[in-house]
There are 2 protein chains.
Amino acid sequence: MAKTTVEQGAIDSVAHLIAQLRQKLVESVERELAPLGLTHAQFVVVAQLANGMAGTPVEFCRLLNYDSGAMTRLLDRIEEKGVIRRVRSSKDRRSVGLELTDKGRALYPSIVPLILGVNKRLLRGFSKSESQLLDQFLRRMLANET
Amino acid sequence: MAKTTVEQGAIDSVAHLIAQLRQKLVESVERELAPLGLTHAQFVVVAQLANGMAGTPVEFCRLLNYDSGAMTRLLDRIEEKGVIRRVRSSKDRRSVGLELTDKGRALYPSIVPLILGVNKRLLRGFSKSESQLLDQFLRRMLANET
DNA sequence: GTACAATTACTGCCCAGGCAGTATAATTGC
DNA sequence: GCAATTATACTGCCTGGGCAGTAATTGTAC
């Protein structure tokens, strides 16, 4: 049996709402990306690589707050799909450069609108000022020590 | 190497903020629960069981929107720690009843204040009306189709 | 220059979760 | 009453993460 229908009980904390939202978002992104053969986690790396936000495993770990071992294996899976490539650096021979393959570059443009769509639908019904207020609220919670 | 420091790049969408918040919350709860020997996922089951929100694996799957196989294994781990117990039902012999053990019942009261603390600190600096507005925003996003 | 420390990527081991398929038991249709 | 369907819990196999420890390389102190 796969997942059953959603319900909800008494745990109505903000924390729980956030957890539910995150799950919903991941599911949506996975659904959109499935035809392209990418998972949510894999998409994030590909997108950041395409945007030049990071170029080595350790940079991705810092950018995405990831464990180093988890990143190694995530990159393994993306590389195995032929979307990225590892290139050992000649300057610092500890370091590994990451590049999109031709396949990866071809894939990226079709990903962007899908992701923008998910974010847009998430905020459906929100006015501009409401979105801005929500953004502030989220940032304030992120800044709090928990 | 374990996780490195946090930073953030260009993905500033609400979706990404929600993902970051969720990660932060899970880490906080794990940190609080570690001395008690429970993980975040395990705590959720124990708490809902203590509150009588669910009593069988399939009920927990519905309550927490979980896959059935994942739930079986999660329950395995909690049972192995001696916190819960499986009792085969005599009425419906497919069904498995779940109960807190003495150890589980003893554990629960010390969990509650830890979790309330995390939620309280998350909302530090929020006025009552701000918290309510935030709650509405989150529920509205949850209700949107994505 | 050579010990020592830090950095990088990786591995093993664990927990967490989804999907597909299975055996058993209960329910439904007829 | 019995065949077909549904429900329940489970298993195998996969991706995704964290933690600890390691080998290789680089940087630093002296």
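All values below were derived from every heavy atom in this structure, side-chain atoms included, with hydrogens, water molecules and symmetry-related copies excluded. Letters A, B, ... are given to chains in the order of the sequence lines, protein chains preceding strands, and every chain is numbered from 1.
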Closest to the P57(A) side chain, choosing from dA9(C), dC15(C), dG18(D): dA9(C)
Proximal nucleotide (of dG16(D), dA9(C), dG18(C)) relative to the R73(B) side chain: dG18(C)
Atom-to-atom span, CD1 of I78(B) to P of dC14(C) - whole angstrom: 18 Å
Given L74(A), V83(A), I84(A), the one that forms side chain to side chain contact (heavy atoms under 4.5 Å, CB included) with Q42(A): L74(A)
Short side-chain N/O contact to dT8(C) OP1/OP2 from R86(A), under 4.0 Å: no
Between dG18(D) (P) and E27(B) (CD): distance, integer Å: 7 Å
Q23(B) CD to dG16(D) P, straight-line distance once rounded to whole Å: 15 Å
Euclidean distance, atom CZ of residue R88(A) to atom C1' of dA23(D) [Å, nearest integer]: 11 Å
Contact list for DNA chain C against residues 89-97 of chain B - heavy-atom distance below 4.0 Å: K91(B), D92(B), R93(B), R94(B)
Atom-pair distance (CG on D76(A); P on dG16(D)), nearest Å: 11 Å
Shortest side-chain distance from V58(B), nucleotide among dA16(C), dG18(C), dT8(D): dT8(D)
Pair R85(B) + D102(B), salt bridge at N-O below 4.0 Å: no
Check: L122(A) and L21(A) side chains under 4.5 Å, non-hydrogen atoms: yes
Set of residues satisfying salt bridge (Lys or Arg N to Asp or Glu O under 4.0 Å) with respect to R124(A), sequence neighbours excluded: none
R62(B) vs dT8(D): side-chain N/O to OP1/OP2 distance below 4.0 Å: yes
Length of the line joining L74(B):CG and dT11(D):P, which is rounded to integer Å: 14 Å
Given dG18(D), dT8(C), dC10(D), the nucleotide with the shortest approach to the side chain of D67(A): dG18(D)
Integer-rounded Å distance: dA9(C) P and E79(A) CD: 13 Å
Salt bridge (Lys or Arg N to Asp or Glu O under 4.0 Å) involving R73(A) - partner list, sequence neighbours excluded: none
Nearest listed nucleotide, side chain of A41(B), among dA9(C), dA16(C), dA9(D): dA16(C)
Side chains of E27(A) and N65(B) in contact at under 4.5 Å (non-hydrogen atoms): yes
H40(A) NE2 to dT15(D) C1', straight-line distance once rounded to whole Å: 13 Å
Sugar-phosphate only, base, or nothing, as touched by E30(B) at under 4.0 Å among non-hydrogen atoms: nothing
Side chains of L114(B) and F43(B) in contact at under 4.5 Å (non-hydrogen atoms): no
